[in-house]
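Reviewing the structure listed below.
Note that the coordinates shown come from a computational prediction; the quantities given were computed from them, not determined experimentally. Whatever order the structure lists them in is the order used to number ligands and atoms, beginning at 1.
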Amino acid sequence: MSTPSPTTVDRDTPAAPPRFEQLGVIGCGLMGGSFALALKAAGLVQRVVGYARSPQTLARARTLGVIDVEAPSALLAASGADLVLVSVPVAATGETLRAIRPLIGPDALVMDVGSTKGDVVAAARQALADRLGQFVPAHPIAGKERAGVEHASADLYRGCQVILTPLAETDPALAERAQALWQALGARVRTMTPEAHDAAYAAVSHLPHLLAFAAVRALAGQPRAADFLGLAGPGFRDFTRIAASDPDVWRDILLANAAQVRTQARHFRAALDTFEAALDAGDAHTLRELIAEASRIRTQWAAGAYAATPPSSDPPCTAPPSSTSPR
Ligand code: NAP
């Protein structure tokens, strides 16, 4: 893997799939559970040891066959693993990495799946010390608005992009291994800096989630909200789908990337002002032009004009409108 330039599209030809003896998953929810199931389905791992905050989640992960062994702590989930996945809300990344550091094996590959990268990398620098070179930060652009291990699936990552943001200190062999692993799960891998990642995902994910939360709240705060909601159709369903996302996960994401989200909010306010000015002036021509431009860009995006592969052609990343929420 090359040194991270602001944005690099990595090679498309997958390397040989890496195989692992033991995966330690810390955070057995949607993302961690799906990763474990995907590795098992691909025959890339012998044994999965999991840890979750609550005993109920851990027991459920075991019952569902997501993990083989329940660990009583994050530390013991990492112990003996040659692959460790940290899949907790991003604000818990630092404490998790600090907890596991003493028992990370000398050759183990450690990854996360957090939706923000600047904060995760900063936390890793603080927590991992001599193990920093083994950490390959990752963000799979896949998911659902429904959190929890019961929604995990083996094919969640198939056809999706995975962004890797390796550090200058990252062991190049482990970065290669991480890339080959995600490719073996059917993902397309891109490498970029944490800063480039956070700027891009503030625009295409974090602000859109904030707008969906705000739109639902704005409606719910009105006296006739119940009537309005009862009349809502597909437009409301599609626009607000991601407002059903997990509160803990999204609190952490928005706080972690607050500066970039505020920048995007300013762009959005300016665009809203432009639309409102056309409405105030009764300017049908301008209003039509504004809508036509947005419609054209959205259509081009869905046709793959901005990506190596069309974003709408890769289920389950962008599967039925009611089920997925790539972050
Ligand atoms: P999730 O289904 O709620 O799973 C989170 C897991 O972390 C649960 O097992 C939870 O345990 C555990 N956990 C929560 N707080 C913890 C803490 N303080 N210490 C240790 N474990 C803790 O959430 P998810 O959707 O998988 O999200 C996990 C990560 O993936 C987040 O960083 C998110 O940014 C990233 N991500 C999510 C998506 C998506 O669409 N969901 C997409 C891309 C990236 P309990 O169940 O016992 O509470």
At the 4.0 Å heavy-atom cut-off, does E95 count as touching ligand 1?
yes
Polar proximity ligand 1 side, V88 side, N/O cut 3.5 Å exclusive
yes
Judged by heavy atoms only, the candidate from A52, S34, P55, P89 nearest atom 13 (N) of ligand 1 is P89
Heavy-atom contacts with G148 under 4.0 Å: which atoms of ligand 1 show up? List them by number with element.
1 (P), 2 (O)
Look at the aromatic rings of H197 and H139 and report parallel, tilted or perpendicular, splitting at 30° and 60°.
perpendicular
No-hydrogen, no-angle side-chain donor-acceptor test under 3.5 Å, T57 and S54
yes
Rounded distance (nearest 0.5 Å) linking atom CG of L185 with atom CZ of F35:
6.0 Å
Any idea which atoms of ligand 1 are less than 4.0 Å away from a heavy-atom of S87?
5 (C), 6 (C), 7 (O), 28 (C)
Does R53, backbone or side chain, put an N or O under 3.5 Å from an N or O of ligand 1?
yes
With a cut-off of 4.0 Å, which atoms of ligand 1 are near a heavy atom of C28?
9 (O)
Ligand 1 and S115, any nitrogen or oxygen pair closer than 3.5 angstrom?
yes
Take the angle between the ring planes of H209 and W250 and call it parallel below 30°, perpendicular above 60°, tilted in between.
parallel
R146 and D246 ion-paired at < 4.0 Å
no
Closer than 4.0 angstrom, basic N to acidic O: yes or no for E169 and R125?
yes
If I take atom OG1 from residue T274 and atom CZ from residue R269, how far apart are they, to the nearest 0.5 angstrom?
13.5 Å
Identify which of G32, S54, G114, A147 has a heavy atom lying nearest to atom 47 (O) of ligand 1.
S54
Contact partition for A142 relative to ligand 1, non-hydrogen atoms under 4.0 Å
backbone
Return yes when atom CZ of R251 has more than 12 non-hydrogen atoms of other residues, nucleotides or ligands closer than 6.0 Å, and no otherwise.
yes
Hey, is ligand 1 close enough to K144 that some N/O pair sits below 3.5 Å?
yes
In ligand 1, which numbered atoms sit nearer than 4.0 Å to a non-hydrogen atom of A92?
17 (C), 18 (N)
Can any side-chain N or O of R190 pair as donor or acceptor with the backbone N or O of L164 at less than 3.5 Å?
no
Residue-ligand contact V249/ligand 1, heavy atom below 4.0 Å
yes
Taking only non-hydrogen atoms of M31 and a 4.0 Å limit, the atoms of ligand 1 in range are 24 (P), 25 (O), 26 (O), 27 (O), 30 (O), 36 (N), 37 (C), 38 (C), 39 (C), 41 (N), 42 (C), 43 (C), 44 (C)
Six-ring centre of F20, R177 cation under 6.0 angstrom, axis tolerance 45°
yes
I need the contact type for I253 against ligand 1. Using non-hydrogen atoms and a strict under-4.0 Å cut-off, is it side chain, backbone, both or neither?
side chain
Check each heavy atom of S245 against ligand 1 and say whether those closer than 4.0 Å belong to the side chain, the backbone, both or neither.
neither
Atom indices of ligand 1, in the order listed, that fall short of 4.0 Å to a heavy atom of G143:
39 (C), 40 (O)
Could you tell me which atoms of ligand 1, counted from 1 in the order shown, lie closer than 4.0 angstrom to a heavy atom of P140?
43 (C)
Taking atom CZ as the centre, does R296 end up with more than 12 heavy-atom neighbours from other residues, nucleotides or ligands that are less than 6.0 angstrom away?
yes
When you look for heavy atoms under 4.0 Å from ligand 1, do you find them on the side chain of V113, its backbone, both, or neither?
both
Neighbour count above 12 (heavy atom, 6.0 Å) for Q126 CD:
no
Atoms of ligand 1, numbered as shown, that sit under 4.0 Å from any heavy atom of T57
9 (O), 45 (P), 46 (O), 47 (O)
